[in-house]
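Everything on this sheet refers to the single structure shown next.
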Amino acid sequence: MSSIQLLARHLGFSPGDEQLVKQALTHSSYAHDNPGSLDSERLEFLGDAVLSLLCSSHLYRRFPSLAEGQLSRLRANLVCEAALTSIARLFDLQTIVLLGRSAIGSNGAARPRILAGCTEALLGAAYLAGGLPRAEELFQLFYADMLDNTDASRAGADAKSALQELAPEAVSYTLLGYSGPDHDRTYRVEVAVAGRTMGIGEGRSKKQAEQAAAAEALRNLRA
């Protein structure tokens with residue numbers, strides 16, 4: 001049994017849905033090198049919307065007293081690239097994702113943006129396999145620990161603000177660089193606390209990358 005088949009079984013997909021799982025783990029670079037392969041981009045698009053709905057529904061029910069802005073901040077912590085990447089690594093997707101030569105050459109299996117996309121695409125695949133009930137099952141599996149650790153106290157601040165509160169020492173952000181064309185750049189930022197690197201994040205803007213780095217630093221500090 002292949003690693004993709006084993007993952008599909010572990011995630012609760014039926015044998016008939018294994019092709020969807022394979023597509024969810026197929027990066028565009030692999031599809032480029034292997035004509036006829038379907039890449040994950042459309043599933044990522046769908047999974048992003050499904051994830052937003054499921055997170056919103058969960059938070060709405062769990063925190064009936066929180067205002068819209070507070071719920072939005074909690075949701076942002078759950079759907080950010082750093083959270084999606086941590087889920088991907090928890091399920092060892094970096095060892096299974098199908099990459100083409102260009103992505104392998106740039107160590108694509110370690111890139112947060114690629115791993116986060118895999119998580120979203122798998123949620124999209126689950127939705128196609130069994131609608132929202134099936135997608136919610138996978139959402140609950142992916143987010144079991146994060147949902148348990150989500151509380152209303154985190155609704156008052158974004159990751160950068162929360163990091164500043166948790167670490168009163170000097171917090172500094174450094175832009176490590178960016179990649180991609182002008183219209184689709186990925187920024188990479190490092191955050192240090194008292195001179196010690198505590199997190200690295202990527203995003204489609206420097207602000208998003210800083211938030212992702214701060215979220216990783218928060219997890220490291222709380223651990």
Side-chain angles (χ1 to χ4, degrees), residues 24-29 39-56 58-59 72-97 99 103 106-125 138-139 141-147 149-150 154 157-163 171 173-181 183-192 197-223:
L25 296 172
T26 300
H27 188 250
S28 57
S29 62
D39 67 43
S40 62
E41 291 183 352
R42 285 171 55 84
L43 287 177
E44 286 180 39
F45 167 79
L46 180 59
D48 175 69
V50 170
L51 175 59
S52 181
L53 174 60
L54 291 173
C55 274
S56 300
H58 172 83
L59 295 171
S72 293
R73 283 188 283 274
L74 283 178
R75 183 180 61 192
N77 289 331
L78 293 173
V79 303
C80 69
E81 185 175 86
L84 292 167
T85 300
S86 69
I87 292 169
R89 288 177 175 150
L90 179 64
F91 288 86
D92 292 325
L93 301 188
Q94 72 277 7
T95 68
I96 305 173
V97 59
L99 302 171
S106 62
N107 197 23
R111 290 177 58 189
R113 187 171 180 181
I114 290 178
L115 295 178
C118 289
T119 304
E120 288 181 328
L122 284 168
L123 286 165
L138 188 57
F139 169 75
L141 176 63
F142 278 169
Y143 280 90
D145 291 335
M146 278 189 242
L147 293 176
N149 293 323
T150 297
R154 299 185 65 191
D158 58 22
K160 287 182 67 176
S161 300
L163 178 60
V171 176
Y173 295 86
T174 302
L175 177 63
L176 300 179
Y178 55 83
S179 60
H183 67 279
D184 189 25
R185 282 182 173 172
T186 297
Y187 292 85
R188 187 173 176 84
V189 167
E190 172 189 272
V191 61
T197 298
M198 293 302 297
I200 294 176
E202 290 186 351
R204 297 186 179 181
S205 68
K206 286 185 283 187
K207 183 177 180 180
Q208 286 184 358
E210 288 175 352
Q211 287 287 352
E216 182 175 280
L218 283 170
R219 287 193 297 275
N220 289 335
L221 286 169
R222 286 166 175 157

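We count residues from 1, following the sequence as given.
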Exercise. Taking all non-hydrogen atoms of both residues into account, name the closest pair between A83 and M146 and its distance.
Key: O-CE, 3.5 Å

Quiz item: About how many Å separate CG of L123 and CG of L138, when rounded to the nearest 0.5 Å?
Solution: 5.0 Å

Exercise. Supply the atom-to-atom distance Q211 CD to E216 CD, rounded to the nearest 0.5 angstrom.
Key: 13.5 Å

Self-check item: Minimum-distance pair of heavy atoms, taken over all atoms of V191 and A217
Solution: CG1-CB, 3.8 Å

Quiz item: Side chains of L54 and Y143: does their closest heavy-atom pair fall under 4.5 Å?
Solution: no

Quiz item: How close do H27 and S29 get, heavy atom to heavy atom, and via which atoms?
Solution: ND1-OG, 2.8 Å

Self-check item: Minimum-distance pair of heavy atoms, taken over all atoms of K206 and Y187
Solution: CG-CD2, 3.6 Å

Practice problem: State whether the side chain of S52 and the backbone N or O of D48 hold a donor-acceptor pair below 3.5 Å, judged by distance alone. | Solution: no

Self-check item: Gap between atom CG of L115 and atom CG of L25 - 0.5 Å precision
Solution: 10.0 Å

Quiz item: Within a radius of less than 6.0 Å around CZ of R89, do more than 12 heavy atoms belonging to other residues, nucleotides or ligands occur?
Solution: yes

Self-check item: Exceeds 12 heavy-atom contacts within 6.0 angstrom, atom CZ of R185
Solution: yes

Quiz prompt | Any donor-acceptor pair under 3.5 Å from S28 side chain to D39 backbone | solution = no

Quiz prompt | Inter-residue atom distance L147.CG - L74.CG, 0.5 Å rounding | solution = 11.0 Å

Exercise. Kindly indicate, with the supporting measurements, whether the criterion side-chain contact (heavy atoms from CB on, under 4.5 Å) is fulfilled by I200 and R188.
Key: CA-CA 7 Å; I200 294 176; R188 187 173 176 84; 3.6 Å; yes

Exercise. For atom OH of Y178, decide whether the heavy atoms of other residues, nucleotides or ligands shown that lie under 6.0 angstrom number more than 12.
Key: no

Quiz item: If every non-hydrogen atom of C118 is compared with every non-hydrogen atom of L93, which pair is closest and at what distance?
Solution: CB-CD1, 3.8 Å

Self-check item: Residue pair S40 / E44, side-chain donor-acceptor N/O under 3.5 Å
Solution: yes

Quiz item: Could you give the distance from CD1 (I87) to CG (L51), rounded to the nearest 0.5 Å?
Solution: 7.5 Å

Practice problem: Report the C-alpha distance between L122 and F142 in whole Å, list the side-chain angles of each, state the deciding distance to 0.1 Å, and finish with yes or no for side-chain contact (heavy atoms from CB on, under 4.5 Å). | Solution: CA-CA 10 Å; L122 284 168; F142 278 169; 4.0 Å; yes

Quiz prompt | Minimum heavy-atom distance Y173-E210, with the two atoms named | solution = CE2-O, 3.7 Å

Practice problem: Show your working on side-chain contact (heavy atoms from CB on, under 4.5 Å) between F139 and H58 and close with a plain yes or no. | Solution: CA-CA 10 Å; F139 169 75; H58 172 83; 4.3 Å; yes

Quiz prompt | Residue list, side-chain hydrogen bond (donor to acceptor under 3.5 Å, both in side chains) with T197, at least two apart or on another chain | solution = E190

Self-check item: Student check: side-chain heavy atoms of E202 and E81 closer than 4.5 Å
Solution: yes

Quiz item: Under the 3.5 angstrom rule, does the side chain of Q94 hit a backbone N or O of A110 as a donor-acceptor pair?
Solution: no

Quiz prompt | Rounded distance [0.5 Å steps], CG in L43 versus CD in E120 | solution = 11.0 Å

